[in-house]
Protein chains: 2
Amino acid sequence: MSEIRNTSRSGPRPGGRSLRVQEAVHAAVVALIEEFGREGLTVPQVAARAGVTPSTIYRRWSDIATLISDVAQRNLRTDCPLKPCGRLSDDLPAWAEMYQDEMDSTPGRAMVRDVLRGWDGMQKACPLLDAVRPSIALICDASSEPVNFDVEAVIDAVVAPLLTRMIFTDAPLASTLARDAAVAFVEQHLSNASGPGRGQQSVPRK
Amino acid sequence: MSEIRNTSRSGPRPGGRSLRVQEAVHAAVVALIEEFGREGLTVPQVAARAGVTPSTIYRRWSDIATLISDVAQRNLRTDCPLKPCGRLSDDLPAWAEMYQDEMDSTPGRAMVRDVLRGWDGMQKACPLLDAVRPSIALICDASSEPVNFDVEAVIDAVVAPLLTRMIFTDAPLASTLARDAAVAFVEQHLSNASGPGRGQQSVPRK
DNA sequence: CTCCCTAACGCAAAATATTTGCTTTAATCG
DNA sequence: CGATTAAAGCAAATATTTTGCGTTAGGGAG
């Protein structure tokens with residue numbers, strides 16, 4: 001009788017009960033991790049704490065790793081109390097140091113691990129960098145000098161070595177690793193303001 | 001009666017039955033992944049295929065993720081048929097390109113994902129870099145010119161951006177990403193043979 | 001505002017997976 | 001060649017995940 005309705009929506013419903021369930025589950029995960037650690041955390045446990053049936057969790061997230069990764073991603077919000085002073089040679093190293101301190105800590109590493117576990121390797125990337133781009137951009141925008149490089153170049157020079165070392169190195173990281181990289185990077189890019197040493201990196205990507 | 005014997009050994013027994021079981025299990029994982037993919041691979045499945053009881057697998061590896069990660073690590077052996085010609089400006093970019101092709105492929109990404117899943121975030125690092133250091137060192141050793149940088153510097157400049165982009169970026173990678181980075185790196189380090197642009201990186205670490 | 005439609009939840013049974021205690025096997029060492 | 005013991009097998013006990021179906025409550029359409 002009725003016309004063909006355009007009912008093509010996807011994903012969970014944005015509000016109402018679904019939202020309440022999601023919040024309860026997320027809160028339960030956070031609480032249980034704080035209380036018992038994430039080792040041996042199970043779906044039925046989370047369900048019980050959240051006042052929800054296990055099957056609900058299984059249907060929405062499909063396993064505990066995905067759920068934990070999801071929670072970790074919500075908490076990515078780097079509430080970065082950044083006060084750029086306008087001098088890149090101060091701001092970027094300061095930020096780099098703060099970033100390393102944040103990431104290379106027990107909760108930081110746990111977060112990275114959790115996010116990584118939800119990665120399928122192909123489809124959707126781990127969203128870790130999404131949280132750093134705004135901070136770097138903020139610093140660049142605040143610079144009083146002209147900026148002849150890309151946010152992505154900073155990621156390659158500062159963030160990439162840090163993350164790579166964190167994940168793929170046994171020995172504890174030098175505490176100034178990121179800061180030093182930032183200092184070197186700024187130095188190199190201020191010395192010759194019109195042509196940076198590394199070819200394609202001054203051309204904005206993406 | 002007997003003296004206090006120094007029976008402090010650890011880890012699984014190196015040979016005999018234990019070894020046979022490990023080999024059978026690893027082979028079963030490889031076969032099953034090839035046959036059905038790794039999604040939904042279960043311990044009982046692997047056990048059945050390997051002709052082993054599930055409890056054996058549970059006791060040795062503790063879950064399927066650890067087992068798969070273990071298998072992935074065994075296959076890390078980059079049988080890299082590298083023929084350095086002695087010119088860094090040729091060898092390093094060529095290797096970088098090959099490395100990217102290998103890593104940024106379906107099996108390569110799956111391998112990275114698998115290895116990453118076994119990472120606990122703290123104790124033992126993902127052993128991915130262990131496979132690349134020898135290759136880089138080989139290239140450096142073969143160089144006819146004096147080398148004024150570190151293997152670790154190459155990792156920071158070439159490998160780190162590649163891995164970081166693979167894991168943390170949605171868009172497909174530029175196929176020349178690693179090669180370009182290698183070209184830039186060599187260029188920078190050959191132009192001023194006595195003092196590279198980036199401070200601490202010419203000092204061997206570790 | 002009310003009524004429908006349906007996505008998402010709850011419940012409980014069934015199917016699987018995991019843990020555990022005990023027994024058996026076979027490497028390794030004296 | 002035994003004795004010792006780490007590791008494997010077996011099976012029962014638990015715990016988990018899956019699944020089918022009835023129920024609830026958002027979110028339009030009228």
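Worth knowing before you read on, the calculation uses all heavy atoms, side chains too, and leaves out hydrogens, waters and symmetry mates. Lettering follows sequence order; numbering is per chain, from 1.
C:dA8 atom P lies 12 Å from atom CH2 of A:Trp61, rounded to whole Å. B:Asp63 has its CG atom 13 Å from the C1' atom of C:dT19, to the nearest Å. Atom-to-atom, CD1 of B:Ile64 to P of D:dT17 comes out at 14 Å; the value is rounded to the nearest Å. Rounded to whole Å, atom P of D:dT17 lies 11 Å from atom CG of A:Leu41. The CG-C1' distance, from B:Leu19 to C:dT25, rounds to 17 Å in whole Å. In this entry the distance linking CD1 of B:Ile57 with P of D:dC10 reads 14 Å, nearest Å.
Salt bridge annotation for A:Arg49-A:Glu35: present, with a cationic side-chain nitrogen under 4.0 angstrom from a carboxylate oxygen. B:Asp120 and A:Arg113 are not joined by a salt bridge, as no carboxylate oxygen comes within less than 4.0 angstrom of a charged side-chain nitrogen. With respect to the salt-bridge test (charged N to carboxylate O, under 4.0 angstrom), the residues A:Arg109 and A:Glu102 do not qualify. Salt bridge present: A:Arg165 and B:Asp156 bring a charged side-chain N and a carboxylate O closer than 4.0 Å. Between A:Glu145 and A:Arg87, no side-chain nitrogen of the basic residue sits less than 4.0 Å from a carboxylate oxygen of the acidic one, so the salt-bridge criterion is not met.
A:Val43 places none of its side-chain heavy atoms less than 4.5 Å from the side chain of A:Asp63.
Among the atoms of the strands shown, only primed sugar atoms or phosphate atoms (P, OP1, OP2) are found under 4.0 Å from some heavy atom of B:Thr42.
Remark: the backbone N or O of B:Ala65 is not paired with any side-chain donor or acceptor of B:Ser69 at under 3.5 angstrom.
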Please tabulate, one pair per line, each protein N/O and nucleotide N/O from nucleotides 11-13 of chain D that are separated by under 3.5 Å, including the distance.
none

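The shortest distance between the side-chain N/O atoms of A:Tyr58 and the OP1/OP2 oxygens of D:dT18 is not below 4.0 Å. For B:Thr56, no side-chain nitrogen or oxygen approaches OP1 or OP2 of D:dA8 to under 4.0 Å. When the side-chain nitrogen and oxygen atoms of A:Arg20 are compared with OP1 and OP2 of D:dG26, one or more of them lie within a distance under 4.0 Å.
For A:Arg17, the listed nucleotide lying nearest its side chain is C:dA8; candidates were C:dG10, C:dA8, C:dA26.
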